[in-house]
Amino acid sequence: MNITETPAWKALAEHAGEMKPRHLRELFASDPGRFSRFSLDVEGMLFDYSKQRIAPKTLDLLVALADAARLGTQIDALFSGAPVNRSEHRAALHMALRHLDDSPFPSSDSGFEDVMPQVRALRERMGELVRAIRDGALRGASGEPIRAVVNLGVGGSGLGPKMATQALEHLAHPGLRVFHVSNFDDADLWPVLDKLDPRSTLFIVTSKTFTTQETLTNARSARDWLLSALGAEAAMEQFVAVTGNAEAAQAFGIRPDRVYPFWEWVGGRFSLWSAVGLPIAISIGMEHFENFLAGGAAMDRHFRAAPFSANLPVLMALIGIWNTNFLGASTHLLNPYCQPLCWLPGYLQQLEMESNGKTLGDDADPVGADTAPVLWGGIGSDTQHAYFQLLHQGGRLIPCDFIACAESEAALPGHHEQLLANCLAQAEALAFGSAVLGEEEDPRKRCPGNQPSSVFLLPRLGPFQLGLLIAAYEHKVFTQGAIWGINPFDQWGVELGKKLARRLLPAIAGTEMPTGSDTSTAGLIAWLRARIHER
């Protein structure tokens with residue numbers, strides 16, 4: 001079924017013609033109860049979507065679209081363990097990783113294997129390693145306690161742990177430093193090695209296949225660094241692997257009892273709840289890590305049970321579809337007013353654009369509509385002095401998510417109140433423009449407003465709240481994929497660049513030129529080779 005051919009889609013297209021001329025100033029003026037109508041509190045997280053360019057009819061039509069896409073059936077399939085990753089014939093059971101009670105997952109009546117025995121066993125092993133490192137019981141080969149942990153991973157294996165470790169830095173162990181290295185560029189790894197002591201450094205190699213080029217290149221360099229300082233046998237005592245390819249990890253030299261599984265039913269960009277989250281757990285402790293899992297599990301329960309009209313991830317998804325497919329937005333801005341969330345935009349870029357950045361549905365036919373918008377963003381209030389001028393007067397429709405916390409973990413007086421005032425002021429200014437203070441006589445100073453935004457307010461940035469927020473965005477991605485008719489769990493476009501890089505590497509290294517390259521690529525290679533060999 002192509003969703004764009006359904007009566008529900010066509011009704012929304014007709015309704016968009018009615019809504020496009022309407023301004024948010026008018027929508028608020030005509031409905032004094034708009035905030036109550038279009039806001040939702042889930043587990044203490046407030047989601048205010050009243051500044052979106054919607055009316056009650058819009059929401060009714062969007063829910064009808066979800067029904068037309070059989071969203072409820074698709075959510076049931078996700079949680080039942082059905083192979084919702086249809087191109088690879090796999091389940092997507094990352095929710096099991098944050099399932100904390102004693103019941104099976106998927107449920108025993110689903111007909112699919114209960115994965116919880118292996119998940120609980122992994123969680124127990126993770127706890128043992130985390131406690132040994134944090135208590136100083138795990139020591140390097142020369143007897144030094146581990147004081148630094150370096151996670152080597154890219155994509156979901158790097159962005160997720162990096163984002164969460166930074167977000168929860170206020171809970172970090174004072175005697176441990178956790179680093180994240182993802183890039184081929186030696187300027188990423190070398191400065192980290194340069195400041196560490198090999199006798200007290202542990203490396204975590206995180207790669208589902210244990211063939212990821214960036215990760216293995218960095219792992220080999222890390223191994224060489226330890227070998228030169230400690231010797232062959234000692235060096236491998238300071239490696240841990242998180243992988244679905246245990247044989248390759250052991251062939252690399254990592255002890256079998258230091259290999260942690262990465263199951264095929266866990267997608268990389270949905271994996272920070274698993275052993276991929278070891279750097280998070282090492283930094284904040286296993287108790288806090290399980291509280292992070294509990295936040296994700298709370299959102300899972302809400303997503304499964306709440307009606308679509310009061311379902312936070314579903315509303316996020318439907319509003320995104322409304323903005324992209326019916327109002328014509330091509331980008332989406334993420335703007336946390338919370339410095340610890342500085343890596344959240346980058347993390348969600350992968351989650352959303354790698355999942356839903358596709359034009360073909362499951363049947364390999366064109367979807368017939370735009371899918372994932374370009375997601376971008378940064379940290380407020382820095383962003384106000386960067387690109388907010390474009391938002392206010394640039395003439396482009398750019399929906400925005402604002403994220404802020406009622407309490408700060410820092411303690412400098414006067415700072416947090418100013419941050420919150422700026423966050424709410426920007427959302428207000430984007431919605432209502434300069435009219436909120438009276439229209440400017442000078443047209444050059446006039447801001448038209450009518451830019452849609454949603455605001456997420458958290459009581460604080462704790463592990464539970466972070467888990468709640470991340471799981472909400474995960475389910476948003478799934479919901480949008482379900483409605484568009486695409487598979488959010490594969491990423492074939494990523495593979496093309498990897499294949500071409502392997503093809504070009506011998507030419508860059510100077511051993512042979514690839515056959516069949518275009519004249520631009522051949523010319524660039526020739527220029528590089530001439531200068532590389534001059535060194």
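His475 places no side-chain N or O within 3.5 Å of a backbone atom of Pro313 that could act as its donor or acceptor partner. A donor-acceptor contact shorter than 3.5 Å links the side chain of Thr243 to the backbone of Lys208. Between the side chain of Asn356 and the main chain of Val477, a donor-acceptor pair closer than 3.5 Å is present. A distance-only check finds no donor-acceptor pair linking the side chain of Gln465 to the backbone of Met45 [under 3.5 Å]. No donor-acceptor distance shorter than 3.5 angstrom exists from the side chain of Asp41 to the backbone of Leu46, with no hydrogens or angles considered. A distance-only check finds no donor-acceptor pair linking the side chain of Gln250 to the backbone of Pro256 [under 3.5 Å]. Distance alone, capped at 3.5 Å, places no donor-acceptor pair between the Arg147 side chain and the Gly175 backbone. Remark: side-chain polar atoms of Arg258 are paired, donor with acceptor, to backbone N or O of Glu237 under 3.5 angstrom. Here the side chain of Gln238 pairs a donor or acceptor atom with the backbone of Pro198 at under 3.5 angstrom. With hydrogens and angles disregarded, a donor-acceptor distance shorter than 3.5 Å links the side chain of Asp188 to the backbone of Asn183.
Looking at heavy atoms from C-beta onward, Phe184 lies in side-chain contact with Glu214 at the 4.5 angstrom threshold. Contact annotation: the side chain of Arg460 approaches that of Glu409 to within less than 4.5 Å [non-hydrogen atoms, C-beta and beyond]. Residues Trp225 and Leu189 are not in side-chain contact: their nearest non-hydrogen atoms beyond the backbone lie 4.5 Å or more apart. Annotation: side chain of Met163 is in contact with side chain of Leu466 (closest heavy-atom distance under 4.5 Å). Taking the side chain as every heavy atom from C-beta outward, Phe203 and Asn218 never approach each other to under 4.5 Å. For the pair Ser517/Leu504, a side-chain contact is recorded, criterion being any heavy-atom separation below 4.5 Å from C-beta on. Contact annotation: the side chain of Phe489 approaches that of His94 to within less than 4.5 Å [non-hydrogen atoms, C-beta and beyond]. You'll find the side chain of Ser408 stays beyond 4.5 Å of the side chain of His415, heavy atoms only.
In terms of heavy atoms, Pro345 sits closest to Cys342 at CD-O, 3.6 Å. Shown here for Val84 and Asn487, the closest heavy-atom pair between the two residues is O-OD1, 3.8 Å. Smallest separation of non-hydrogen atoms from Leu344 and Pro336: CD2-CG, 4.4 Å. Closest non-hydrogen pair, Ala164 versus Ile280, comes out as CB-CD1, 3.5 Å. Contact between Pro145 and Gly136 at its shortest, heavy atoms only, is CB-O, 4.2 Å. Across all non-hydrogen atoms, the minimal contact from Asp101 to Arg120 is O-NH2, 3.0 Å.
Within 6.0 Å of the CD atom in Glu128, the count of heavy atoms belonging to other residues, nucleotides or ligands exceeds 12. Environment of CD in Gln213: crowded, with over 12 heavy atoms of neighbouring residues, nucleotides or ligands closer than 6.0 Å.
Rounded to the nearest 0.5 angstrom, Leu312 CG and Ser454 OG are separated by 9.0 Å. Rounding to the nearest 0.5 Å places CG of Leu176 at 10.0 Å from OG of Ser200. Separating the CG atom in Asp48 from the OG atom in Ser453 is a distance of 7.5 Å, to the nearest 0.5 Å. Leu524 contributes atom CG, which lies 8.5 Å from atom CD1 of Ile508 (distance to the nearest 0.5 angstrom). The distance from the CG atom of Leu97 to the OG atom of Ser271 is 8.5 Å, given to the nearest 0.5 Å. In this structure, CH2 in Trp190 is found 10.0 Å from OG in Ser221, a value given to the nearest 0.5 Å.
In this structure, a donor-acceptor pair under 3.5 Å is present between the side chains of Asp109 and Ser107. Side-chain contact annotation: Glu474 with Trp273, donor-acceptor N/O pair under 3.5 Å present. Asn422 and Ser381 form no side-chain donor-acceptor contact under 3.5 Å, judged by distance and modelled atom types alone.
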Going through the checks in order, is the side chain to side chain contact (heavy atoms under 4.5 Å, CB included) test met by Thr215 and Thr206? CA-CA 7 Å; Thr215 302; Thr206 307; 5.8 Å; no
query = Please walk me through it: do Asp300 and Arg98 pass salt bridge (Lys or Arg N to Asp or Glu O under 4.0 Å)?
reply = CA-CA 9 Å; Asp300 293 340; Arg98 53 203 187 217; 2.7 Å; yes
Could you give me the CA-CA distance, side-chain angles and deciding distance for Leu272 and Leu159, then say whether side chain to side chain contact (heavy atoms under 4.5 Å, CB included) is met?
CA-CA 9 Å; Leu272 77 170; Leu159 285 166; over 6 Å; no
Step by step, would you call Tyr387 with Asn335 a side chain to side chain contact (heavy atoms under 4.5 Å, CB included)? CA-CA 11 Å; Tyr387 47 72; Asn335 222 70; 2.9 Å; yes
Exercise. With side chain to side chain contact (heavy atoms under 4.5 Å, CB included) as the test, would you mind laying out the steps for Val314 and Met316 before giving the verdict?
Key: CA-CA 5 Å; Val314 172; Met316 292 168 68; over 6 Å; no
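Cation-pi check for Arg125 over Tyr260 is met; the charged atom lies under 6.0 angstrom from the ring centroid and within 45 degrees of its normal. A cation-pi arrangement is found for Arg223 relative to Phe252, the charged atom lying closer than 6.0 Å to the ring centre and inside a 45° cone about the ring normal.
Of the residues Lys358, Gln350, Arg269, the one that meets the side-chain hydrogen bond (donor to acceptor under 3.5 Å, both in side chains) test with Gln491 is Arg269.
Aromatic pair Tyr347/Tyr473: ring centres not closer than 6.0 Å.
Between Phe292 and Phe289, the angle of the ring planes lies from 30° to 60°, which puts this pair in the tilted group. Below 30°, between 30° and 60°, or above 60°: for Phe105 and His99 the angle between ring planes is between 30° and 60°, a tilted geometry.
Comment: Lys476 engages Glu352 in a salt bridge, judged by a side-chain N to carboxylate O separation of less than 4.0 angstrom.
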